Amino acid sequence: MTERLLSDREKRFLENYSVIKEKIAESAACIGKSEHDIILLAATKTVDAKLINFAISQGINYIGENRVQEFLGKKDNINTEAKRHFIGHLQTNKVKDIVGEVCMIQSVDSFKLATEIGKQCVKRSKIMDILLEVNIGNEKSKSGFQAEQVSDAVAQISKVEGVKVRGLMAIPPICEKEIEIVRYFDKMHNLFIDIKAKKMDNSSMDYLSMGMSGDYDVAIRHGANLVRVGTSLFGTRNYK
Ligand SMILES: *Cc1c(COP(=O)(O)O)cnc(C)c1O
């Protein structure tokens, strides 16, 4: 293999990645888990295919995109070794463009969206793993199921052909203090545990996706097993 010099952004990625891996291992250890129990998904919005591919070559095996147009524009240049998740708001009319391209849609925020995903998957003889997005802070600006609705939503969506509910996802409100965000993470974890205990047909509560750059370590200590990290891996973006 020919050696080449790393670019500055590749070096920065490597430094960031090693810090994050260490923090993930420490946080997991705090609650008796191993780093292997935690999935680190690289949130790759605004990151170009070249840097994404470098990240994949260094061990990133899950990537998450949240804008349909951006994703479609760069997907063909991204190494197929990493699993692809869709993590952003998805309009029903865009579902057909996405279902063939990802192995999980984390941001299912309505029965209507789940139904459309199912319909498009049945056409392609496939089953899409989905997470239900919970609006855990009850914020007007955010989509997602209300905490009180989630259990019923899982039951209802489990009956939809072409999709399989695999867990829950949340983006809690921005909090200044750790103790505030912990409340939301705990609430999500409790929901996750309660629904898991119901053992509903055609659904399995395997993934609790919460925690981003500022709080993924806290999220892990409070039950997350899938964290979505962008800025802390790749540096600051121009847009959220
Ligand atoms: C951008 C994004 C992230 C990552 O956010 P950072 O703060 O950059 O780590 C996680 N989840 C979703 C849904 C996102 O859109």
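Source: prediction; values computed, not measured. Whatever order the structure lists them in is the order used to number ligands and atoms, beginning at 1. Only this structure's heavy atoms are used, side chains among them; waters, hydrogens and symmetry mates stay out.
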Should the proximity of Ser213 to ligand 1, defined as any heavy atom under 4.0 Å, be assigned to the side chain, the backbone, both, or neither? both
Element-labelled atoms of ligand 1 that are located less than 4.0 Å from some non-hydrogen atom of Ile171: 13 (C)
Check each of Lys74, Arg228, Lys45, Arg84 against Glu65 using the salt bridge (charged side-chain N to carboxylate O under 4.0 Å, His left out) test, and report the only one that passes. Lys74
Looking at Lys33, I want to see if its NZ is surrounded by more than 12 non-hydrogen atoms of other residues, nucleotides or ligands under 6.0 Å. yes
Any idea which of Arg228, Lys45, Met212 brings a heavy atom closest to atom 14 (C) of ligand 1? Lys45
With a 4.0 Å cut-off on heavy atoms, is Gln106 in contact with ligand 1? no
Using 30° and 60° as the class boundaries, would you call the ring planes of Phe86 and Phe71 parallel, tilted or perpendicular? tilted
I'd like to know whether CD of Glu161 has more than 12 heavy-atom contacts from other residues, nucleotides or ligands below 6.0 angstrom. no
Side-chain donor-acceptor pair under 3.5 Å between Ser203 and Lys164, yes or no? no
Look only at interatomic distance and state if Gly230 has a nitrogen or oxygen under 3.5 Å from any nitrogen or oxygen of ligand 1. yes
Of Thr231, Leu41, Ile87, Thr44, which has the heavy atom at the shortest distance from atom 13 (C) of ligand 1? Ile87
Which of the atoms of ligand 1 are close to Ala43, meaning less than 4.0 Å from one of its heavy atoms? 3 (C), 4 (C)
Heavy atoms only, cut-off 4.0 Å: how does Asn66 contact ligand 1, side chain, backbone, both, or neither? side chain
Whether Lys142 side chain and Ile171 backbone form a donor-acceptor pair below 3.5 Å: yes
Side chain, backbone, both or neither: which part of Leu233 comes within less than 4.0 Å of ligand 1 when only heavy atoms are counted? neither
Donor-acceptor side-chain pairing of His89 and Asp109 below 3.5 angstrom: yes
